[in-house]
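These notes concern the structure reproduced below.
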Amino acid sequence: MTIRFHDRHEWIDFLKASEVARRILADPSTIAEAQRFVTRRMAPDPHQRDYALMWRELLSRSPPEIAAALTEDSPRGRLLRETAPVFGKGLTSREVADLIARPDVAAP
(Lines give C-alpha, C1' and ligand atoms only; values in the text may rest on other atoms or scores of the structure.)
Protein backbone atom coordinates (compact mmCIF):
# COMPACT_ATOMS: atom_id res chain seq x y z
CA MET A 1 0.00 0.00 0.00
CA THR A 2 1.38 3.38 -0.96
CA ILE A 3 0.25 6.34 1.06
CA ARG A 4 1.26 9.88 0.22
CA PHE A 5 1.84 12.24 3.09
CA HIS A 6 1.52 16.02 2.94
CA ASP A 7 4.18 16.52 5.59
CA ARG A 8 6.26 14.83 8.26
CA HIS A 9 3.54 15.31 10.87
CA GLU A 10 1.06 13.32 8.79
CA TRP A 11 3.68 10.59 8.28
CA ILE A 12 4.31 10.38 12.03
CA ASP A 13 0.55 10.20 12.68
CA PHE A 14 0.46 7.23 10.31
CA LEU A 15 3.37 5.51 12.07
CA LYS A 16 1.68 5.97 15.43
CA ALA A 17 -1.67 4.75 14.08
CA SER A 18 0.01 1.68 12.60
CA GLU A 19 1.50 0.84 15.99
CA VAL A 20 -1.85 1.42 17.71
CA ALA A 21 -3.52 -0.83 15.13
CA ARG A 22 -0.95 -3.55 15.86
CA ARG A 23 -1.61 -3.19 19.60
CA ILE A 24 -5.39 -3.32 19.12
CA LEU A 25 -5.05 -6.62 17.30
CA ALA A 26 -2.64 -7.97 19.92
CA ASP A 27 -4.71 -6.77 22.89
CA PRO A 28 -8.31 -5.74 22.12
CA SER A 29 -8.75 -4.55 25.73
CA THR A 30 -7.08 -1.29 24.63
CA ILE A 31 -10.36 -0.47 22.88
CA ALA A 32 -12.10 -0.14 26.26
CA GLU A 33 -9.56 2.52 27.29
CA ALA A 34 -10.27 4.43 24.07
CA GLN A 35 -14.01 4.20 24.73
CA ARG A 36 -13.51 5.65 28.20
CA PHE A 37 -11.33 8.43 26.76
CA VAL A 38 -14.03 9.34 24.25
CA THR A 39 -16.70 9.41 26.97
CA ARG A 40 -14.68 11.34 29.56
CA ARG A 41 -12.55 13.68 27.47
CA MET A 42 -14.00 14.11 24.00
CA ALA A 43 -17.78 13.92 24.39
CA PRO A 44 -18.10 16.74 26.97
CA ASP A 45 -16.11 19.14 24.76
CA PRO A 46 -18.45 20.88 22.30
CA HIS A 47 -15.56 21.28 19.84
CA GLN A 48 -14.97 17.51 19.82
CA ARG A 49 -18.56 16.31 19.93
CA ASP A 50 -18.69 15.31 16.25
CA TYR A 51 -15.41 13.43 16.59
CA ALA A 52 -16.69 11.69 19.72
CA LEU A 53 -19.72 10.46 17.79
CA MET A 54 -17.52 9.25 14.93
CA TRP A 55 -15.24 7.43 17.36
CA ARG A 56 -18.07 5.89 19.38
CA GLU A 57 -19.40 4.33 16.20
CA LEU A 58 -16.00 3.02 15.12
CA LEU A 59 -15.11 1.69 18.57
CA SER A 60 -18.27 -0.43 18.56
CA ARG A 61 -16.81 -2.45 15.67
CA SER A 62 -14.41 -5.40 15.71
CA PRO A 63 -10.70 -4.94 16.43
CA PRO A 64 -9.71 -5.74 12.81
CA GLU A 65 -12.17 -3.13 11.53
CA ILE A 66 -10.84 -0.49 13.92
CA ALA A 67 -7.23 -1.29 13.02
CA ALA A 68 -8.00 -1.12 9.30
CA ALA A 69 -9.81 2.21 9.66
CA LEU A 70 -6.85 3.76 11.50
CA THR A 71 -4.48 2.94 8.65
CA GLU A 72 -6.71 3.40 5.63
CA ASP A 73 -5.49 5.69 2.86
CA SER A 74 -8.42 8.07 2.66
CA PRO A 75 -9.61 11.42 4.01
CA ARG A 76 -11.52 9.48 6.69
CA GLY A 77 -8.35 7.60 7.70
CA ARG A 78 -6.47 10.89 8.01
CA LEU A 79 -9.27 12.38 10.11
CA LEU A 80 -9.25 9.35 12.39
CA ARG A 81 -5.51 9.63 12.85
CA GLU A 82 -5.77 13.36 13.63
CA THR A 83 -8.55 12.91 16.20
CA ALA A 84 -7.67 9.53 17.72
CA PRO A 85 -8.39 8.91 21.38
CA VAL A 86 -5.79 7.28 23.62
CA PHE A 87 -5.71 3.50 23.33
CA GLY A 88 -4.37 1.64 26.36
CA LYS A 89 -1.58 3.67 27.93
CA GLY A 90 -0.85 5.48 24.67
CA LEU A 91 2.58 5.84 23.13
CA THR A 92 5.50 7.36 24.97
CA SER A 93 7.80 9.86 23.29
CA ARG A 94 10.52 7.17 23.31
CA GLU A 95 8.21 4.72 21.51
CA VAL A 96 7.38 7.35 18.89
CA ALA A 97 11.09 8.13 18.42
CA ASP A 98 11.78 4.41 18.00
CA LEU A 99 9.03 4.15 15.36
CA ILE A 100 10.55 7.04 13.43
CA ALA A 101 14.05 5.56 13.66
CA ARG A 102 13.12 2.06 12.46
CA PRO A 103 15.26 1.15 9.47
CA ASP A 104 12.32 -0.41 7.59
CA VAL A 105 10.36 2.86 7.68
CA ALA A 106 11.17 5.41 5.01
CA ALA A 107 10.60 9.07 5.77
CA PRO A 108 8.51 10.99 3.27
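Worth saying up front: this structure is predicted, and the values here are computed from it rather than measured. In what follows, every heavy atom counts, from backbone to side chain, and hydrogens, waters and symmetry copies are set aside.
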Phe37 atom CZ, over 12 foreign heavy atoms within 6.0 Å: yes

Say you draw a straight line from [atom1] of [X] to [atom2] of [Y]; how long is it, rounded to the nearest 0.5 Å?
X: Phe14; Y: Leu99; atom1: CZ; atom2: CG; result: 11.5 Å
X: Asp50; Y: Met42; atom1: CG; atom2: CE; result: 10.0 Å
X: Ile66; Y: Ser60; atom1: CD1; atom2: OG; result: 7.5 Å
X: Leu59; Y: Met54; atom1: CG; atom2: CE; result: 9.5 Å

Heavy-atom pair of closest approach, residues [X] and [Y]:
X: Ser29; Y: Asp27; value: OG-OD1, 2.6 Å
X: Arg40; Y: Pro44; value: O-CG, 3.4 Å
X: Thr83; Y: Leu79; value: OG1-O, 2.8 Å

Any luck finding a side-chain donor-acceptor pair between Glu65 and Ser62 under 3.5 Å?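 Yes, because at least one side-chain N or O of Glu65 sits under 3.5 Å from a partner of the opposite role on Ser62.
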
Got a salt bridge between [X] and [Y], using NZ or NE/NH1/NH2 to carboxylate O under 4.0 Å?
X: Glu33; Y: Arg36; result: yes
X: Lys89; Y: Glu95; result: no
X: Arg78; Y: Glu82; result: no

Pair Arg23, Phe87 - check side chain to side chain contact (heavy atoms under 4.5 Å, CB included), show working. CA-CA 9 Å; Arg23 291 179 183 193; Phe87 286 82; over 6 Å; no

Salt bridge (Lys or Arg N to Asp or Glu O under 4.0 Å) partners of Arg56, counting only residues at least two apart: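 Checked Arg56 against salt bridge (Lys or Arg N to Asp or Glu O under 4.0 Å); zero matches.
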
Mind checking what makes salt bridge (Lys or Arg N to Asp or Glu O under 4.0 Å) contact with Arg49, not counting sequence neighbours? none

Quick check against the 3.5 Å criterion: does Gln48 have a side-chain atom that pairs as donor or acceptor with the backbone of Ala43? no

Keeping the roles fixed (side chain from Arg81, backbone from Leu70), state whether a donor-acceptor pair exists under 3.5 Å. yes

What about Ile100 and Leu91, same hydrophobic cluster or not, with Ile/Leu/Val/Met/Phe/Trp/Tyr joined at side-chain heavy-atom distances under 4.5 Å?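 Yes.
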
Check whether any side-chain heavy atom of [X] lies under 4.5 Å from a side-chain heavy atom of [Y], and answer yes or no.
X: Arg41; Y: Pro85; value: no
X: Arg22; Y: Leu25; value: no
X: Val38; Y: Tyr51; value: no

Arg76/Leu58 under side chain to side chain contact (heavy atoms under 4.5 Å, CB included): CA gap, chis, key distance, verdict: CA-CA 12 Å; Arg76 178 178 178 258; Leu58 180 60; 3.8 Å; yes

Test Leu80 against Trp55 for side chain to side chain contact (heavy atoms under 4.5 Å, CB included), laying out the working first. CA-CA 8 Å; Leu80 290 170; Trp55 274 102; 3.7 Å; yes

